[in-house]
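For ligands, and for the atoms within them, numbers begin at 1 and follow the listed sequence. These figures come from a predicted structure and were not determined experimentally.
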Amino acid sequence: MQLNSRNRTLDLARPVVMGILNVTPDSFSDGGAYVETARALDHALGMVEQGAAIVDVGGESTRPGADPVDEREEMARVLPLIEALRAHSDVFISIDTIKPRVMREACAAGADMINDVMALRAPGALEAACDTQAAVCLMHMQGQPRTMQKAPVYDDVVADVRSFLGARVAACRDAGIDDSRICLDPGFGFGKTLEHNLALMRNLHAFVGDGYPVLVGVSRKSMFVKLHGHDDMSSRIHASVTSAFWAATQGAGIIRSHDVAHTVEALTLAAALADN
Ligand SMILES: Cn1cnc2c(O)nc(N)nc21
């Protein structure tokens, strides 16, 4: 299994880690664009050192209740970092954005992949993904970040999410995006209750069976608060790393994580146990 982008290929014969790099004012204290970029670059290179095969750069928070960020501000946050990271590393760089202009500018600055939580539904997004020739992650979300967790409902969450992703793949094909550039993501926590998230985790093999690399992102998410009955960061991290191990055993190709070193260790164990 592999993921193509322009003239590069990401080998997914074994699951890889996508390190999370949120460049939002709250992500690196004391502000100041240069300080933020320098600190963010250090963090990115640290994740590469720990074994991340992809660095996912995001300038607009997608967490539940998050406020939108305008295009200019988002580009001001992410473009300097993408340029700096490209100059210092050949790691696969992903841009976490829903905006076509940000997709285009990020790819021009050196990004290899578009990670779109809206699965290229914004006007112009399919064209941007086609023109940039970047790899693409199509993720399922019910509703919008501001309201998606209010009361999510599905007939059959697994079937509904798979059907949505199938329709987005068809839209990509119609837009001239080659299958080899596409990976799919059930979108844990994006308009899902704990029960919905667990059903999707339980049925990851079905998504893997659809024939595209599967990206799983549960890192530090609030779904674990209800599962554990309490909320502390170490519990969330333990559950995230354990989930990464589970997802790898089910055939997931990319694990999106804040905690790269621990997740790499979990995937190393999963690979060792899979080798027969
Ligand atoms: C940006 N972002 C936050 N959570 C995510 C997830 O689960 N998947 C993807 N592809 N992106 C995410």
Side-chain angles (χ1 to χ4, degrees), residues 3 5 10 12 15-24 26-27 44 47 52-69 74 77-78 81-82 92-99 102-103 106 111-122 125 129 134-146 148-149 152 157 161 164-165 168-169 172 181-192 194 196-198 200-201 204 207 212-224 236 239-241 243-244 246-247 252-260 263:
L3 192 60
S5 165
L10 185 66
L12 297 177
V16 301
V17 177
M18 170 189 265
I20 298 169
L21 191 58
N22 293 322
V23 194
T24 50
D26 53 85
S27 52
M47 292 194 290
I54 309 168
V55 173
D56 191 32
V57 178
E60 177 181 45
S61 174
T62 55
R63 63 167 59 100
D67 289 324
V69 170
E74 188 177 344
R77 293 174 183 178
V78 299
L81 172 60
I82 291 171
F92 233 68
I93 301 174
S94 166
I95 176 69
D96 156 20
T97 188
I98 64 173
K99 301 186 184 75
V102 180
M103 294 172 187
D112 305 282
M113 178 171 174
I114 295 166
N115 177 25
D116 184 357
V117 298
M118 290 291 289
L120 301 177
R121 283 180 284 165
V136 177
C137 177
L138 305 174
M139 194 200 81
H140 175 269
M141 173 177 1
Q142 187 181 79
Q144 300 290 331
R146 283 184 59 74
M148 63 188 176
Q149 288 306 110
V157 64
V161 172
F164 168 87
L165 293 174
R168 297 313 300 156
V169 166
C172 285
R181 297 204 277 125
I182 294 172
C183 72
L184 302 180
D185 184 336
F188 292 96
F190 285 88
K192 281 95 176 178
L194 172 62
H196 294 142
N197 288 316
L198 293 176
L200 291 167
M201 286 287 279
L204 271 178
F207 289 90
Y212 295 86
V214 173
L215 192 155
V216 169
V218 294
S219 186
R220 302 188 182 183
K221 288 192 174 175
S222 60
M223 60 187 271
F224 299 121
R236 289 191 187 210
S240 303
V241 175
S243 299
W246 163 259
I254 302 170
I255 308 294
R256 186 174 182 275
S257 174
H258 297 87
D259 306 289
V260 172
T263 304

Visitor: Contact between Asp116 and Met103 at the side-chain level, heavy atoms closer than 4.5 Å - yes or no?
Guide: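 Yes - at least one pair of side-chain heavy atoms lies under 4.5 Å apart.
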Visitor: With heavy-atom distances below 4.5 Å as the criterion, would you say the side chains of Phe190 and Lys221 are in contact?
Guide: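 Sidechains of Lys221 and Phe190: in contact.
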Visitor: Please tabulate protein-ligand N/O pairs under 3.5 Å for ligand 1, atom names and distances to 0.1 Å.
Guide:
| from | atom 1 | to | atom 2 | distance (Å) |
| --- | --- | --- | --- | --- |
| ligand 1 | 2 (N) | Arg256 | NH1 | 3.4 |
| ligand 1 | 4 (N) | Lys221 | NZ | 3.1 |
| ligand 1 | 4 (N) | Arg256 | NH1 | 3.4 |
| ligand 1 | 7 (O) | Gly217 | O | 2.9 |
| ligand 1 | 7 (O) | Lys221 | NZ | 2.8 |
| ligand 1 | 8 (N) | Asp185 | OD2 | 2.6 |
| ligand 1 | 10 (N) | Asn115 | OD1 | 2.8 |
| ligand 1 | 10 (N) | Asp185 | OD2 | 2.8 |
| ligand 1 | 11 (N) | Asn115 | ND2 | 3.1 |

Visitor: Verify the neighbour count for atom CD of Gln149: are there more than 12 heavy atoms of other residues, nucleotides or ligands below 6.0 Å?
Guide: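 Counting other residues, nucleotides and ligands, CD of Gln149 exceeds 12 neighbours.
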Visitor: Any donor and acceptor pair, going by atom type alone, linking the side chain of Lys192 with main-chain N or O of Val157 inside 3.5 Å?
Guide: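 Such a contact is absent between Lys192 side chain and Val157 backbone.
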Visitor: Please step through side chain to side chain contact (heavy atoms under 4.5 Å, CB included) for the pair Leu165 and Phe207, ending with a clear verdict.
Guide: CA-CA 10 Å; Leu165 293 174; Phe207 289 90; 4.0 Å; yes
Visitor: Under the criterion side-chain contact (heavy atoms from CB on, under 4.5 Å), which of Ile20, Leu21, Thr62 is the partner of Asp96?
Guide: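 Result: among Ile20, Leu21, Thr62, Thr62 is the only option passing the side-chain contact (heavy atoms from CB on, under 4.5 Å) with Asp96.
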